[in-house]
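Worksheet for the structure shown next.
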Amino acid sequence: MDLQIGGEADISVIMLEEGRPLTEETLRALPVLPPDAQHQRGTFPGAVRSLTVRLGASPARLTLGDSVSDTALIGVDATTGAAQRLSGNYGVQYDITVENTVPGNSTVATFVPRGGAYRGGLSVEDGQDRQIIRIPGSGVLTNGDHPMVLWKTSSRSFRLSFVPPGGSFLPVSLVFYPQPGEPGR
């Protein structure tokens with residue numbers, strides 16, 4: 001879903017059998033589905049995480065979705081009032097700023113699937129350049145021993161926006177490599 005909301009809102013997802021009319025009467029008669037053991041549902045404060053990676057002369061790694069360095073969000077299921085733990089942080093938006101602190105160095109950003117098969121994407125903002133990058137370009141990324149190159153830049157800073165998709169395995173690592181004197185893309 002792609003929504004733009006200017007204020008506080010309640011959002012409900014409703015699925016009806018084909019041919020059943022979408023009326024107030026139908027909506028009032030719908031039952032709330034009970035929770036299950038495979039899915040977390042609820043409201044999770046802090047679901048947009050802003051992170052900064054300051055890159056010096058050595059590579060830097062950012063691991064996401066491991067529930068250790070990237071702790072799981074805690075929320076509440078509004079239909080039951082039960083506490084919820086968002087394992088893996090699927091659906092969390094990570095806004096990541098990478099700052100290269102060594103003058104003259106460029107940066108290479110890579111992606112490493114650590115939990116298993118992975119397919120998804122992220123967006124990059126590098127100056128005026130904005131791109132959506134598929135991970136991988138086609139197929140499924142499975143080799144956790146070989147990082148996939150995402151982006152090369154000579155800019156001092158750039159931004160990544162990443163949302164772990166359902167159906168892909170976590171954790172993943174973003175590894176940033178400084179490259180002395182290298183040209184951009």
Side-chain angles (χ1 to χ4, degrees), residues 1-4 39-40 44-75 84-185:
M1 230 185 298
D2 189 9
L3 301 173
Q4 292 184 2
H39 303 92
Q40 295 92 32
F44 298 92
V48 176
R49 290 194 169 166
S50 296
L51 306 170
T52 300
V53 175
R54 288 184 179 79
L55 185 61
S58 299
R61 177 180 21 205
L62 179 63
T63 300
L64 304 174
D66 67 350
S67 294
V68 177
S69 61
D70 181 30
T71 57
L73 290 179
I74 303 299
Q84 293 289 302
R85 181 176 184 275
L86 189 58
S87 299
N89 286 338
Y90 288 95
V92 169
Q93 178 176 323
Y94 294 92
D95 291 330
I96 304 160
T97 300
V98 180
E99 297 175 351
N100 191 328
T101 64
V102 179
N105 275 4
S106 63
T107 302
V108 175
T110 66
F111 187 92
V112 185
R114 292 293 182 199
Y118 188 90
R119 182 178 178 143
L122 56 74
S123 67
V124 175
E125 289 182 38
D126 188 1
Q128 297 299 314
D129 196 1
R130 288 172 173 66
Q131 291 190 29
I132 303 295
I133 299 174
R134 292 181 181 177
I135 304 172
S138 65
V140 177
L141 193 61
T142 57
N143 192 338
D145 293 331
H146 294 91
M148 176 189 155
V149 174
L150 295 173
W151 196 253
K152 295 178 185 179
T153 182
S154 56
S155 301
R156 294 297 302 241
S157 70
F158 63 98
R159 291 177 38 90
L160 304 170
S161 185
F162 172 71
V163 178
S168 287
F169 289 92
L170 296 176
V172 299
S173 291
L174 296 169
V175 183
F176 304 97
Y177 297 92
Q179 298 291 304
E182 289 286 323
R185 295 175 294 291

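The figures that follow rest on heavy atoms only: side chains count, while hydrogens, waters and symmetry mates do not. Note that this is a predicted model, so its numbers are computed, not measured.
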Checklist entry - Hey, mind stepping through Phe111 and Val149 against side chain to side chain contact (heavy atoms under 4.5 Å, CB included) and telling me if it holds? => result CA-CA 7 Å; Phe111 187 92; Val149 174; over 6 Å; no
Item to check | Residue pair Leu174 / Leu150, side-chain heavy-atom distance below 4.5 Å | outcome: yes
Checklist entry - Taking C-beta and beyond as the side chain, do Glu125 and Phe158 meet within less than 4.5 Å on heavy atoms? => result no
Item to check | Identified side chain to side chain contact (heavy atoms under 4.5 Å, CB included) partner of Trp151 from the options Val98, Asp129, Thr110, Val108 | outcome: Asp129
Next on the checklist: Do Arg119 and Leu141 make a side-chain contact, defined as non-hydrogen atoms from C-beta onward lying under 4.5 Å apart?
Outcome noted: no
Item to check | Greater than 12 external heavy atoms within 6.0 Å of Arg134's CZ | outcome: no
Item to check | Non-hydrogen side-chain atoms of Val102 and Pro178 separated by less than 4.5 Å | outcome: no
Checklist outcome for this item: Of all heavy-atom pairs linking Met148 and Gly137, the shortest is CE-N, 4.4 Å
Item to check | Check against side chain to side chain contact (heavy atoms under 4.5 Å, CB included), Leu62 and Ile96 | outcome: CA-CA 10 Å; Leu62 179 63; Ile96 304 160; 3.8 Å; yes
Checklist entry - Leu55 and Phe176: which non-hydrogen atoms are nearest, and at how many Å? => result CD1-O, 3.5 Å
Checklist entry - Is Arg114 salt-bridged to Asp66, going by a charged N under 4.0 Å from an acidic O? => result no
Checklist entry - With no hydrogens and no angle check, is any side-chain donor or acceptor of Asp70 less than 3.5 Å from a backbone partner on Gly65? => result yes
Item to check | Non-hydrogen side-chain atoms of Arg49 and Asp95 separated by less than 4.5 Å | outcome: no
Checklist entry - Quick one: OG1 on Thr101 to CZ on Arg54, what's the gap to the nearest 0.5 Å? => result 9.0 Å
Checklist entry - Rounded to the nearest 0.5 Å, how far does CG of Asn100 lie from OG of Ser106? => result 7.5 Å
Item to check | Step-by-step side chain to side chain contact (heavy atoms under 4.5 Å, CB included) determination, Val53 to Thr97 | outcome: CA-CA 6 Å; Val53 175; Thr97 300; over 6 Å; no
Checklist entry - Are Gln93 and Ser161 side-chain neighbours, meaning at least one heavy-atom pair lies under 4.5 Å? => result yes
Checklist entry - Any side-chain heavy atom of Tyr94 within less than 4.5 Å of one from Leu64? => result yes
Checklist entry - Gly75 and Pro45: which non-hydrogen atoms are nearest, and at how many Å? => result CA-CD, 4.4 Å
Next on the checklist: Tell me the closest heavy-atom pair linking Pro136 and Tyr118, and the distance in Å.
Outcome noted: CD-O, 3.7 Å
Checklist entry - Looking at Ser67 and Gly88, what are the two nearest heavy atoms and their distance? => result OG-N, 3.9 Å
Checklist outcome for this item: On a heavy-atom basis, the closest approach of Ser123 and Ile132 is CB-CD1, 3.6 Å
Next on the checklist: With no hydrogens and no angle check, just 3.5 Å: does a side-chain donor-acceptor pair link Thr153 and Asp126?
Outcome noted: yes
Item to check | Side chains of Ser69 and Thr63, donor plus acceptor under 3.5 Å | outcome: no
Item to check | Val92 side chain near Val163 side chain, heavy-atom distance below 4.5 Å | outcome: no
Item to check | Between CG on residue Leu160 and CG on residue Leu122, distance to nearest 0.5 Å | outcome: 5.5 Å
Checklist entry - Would the number of heavy atoms belonging to other residues, nucleotides or ligands and lying under 6.0 Å from OH of Tyr90 be above 12? => result yes
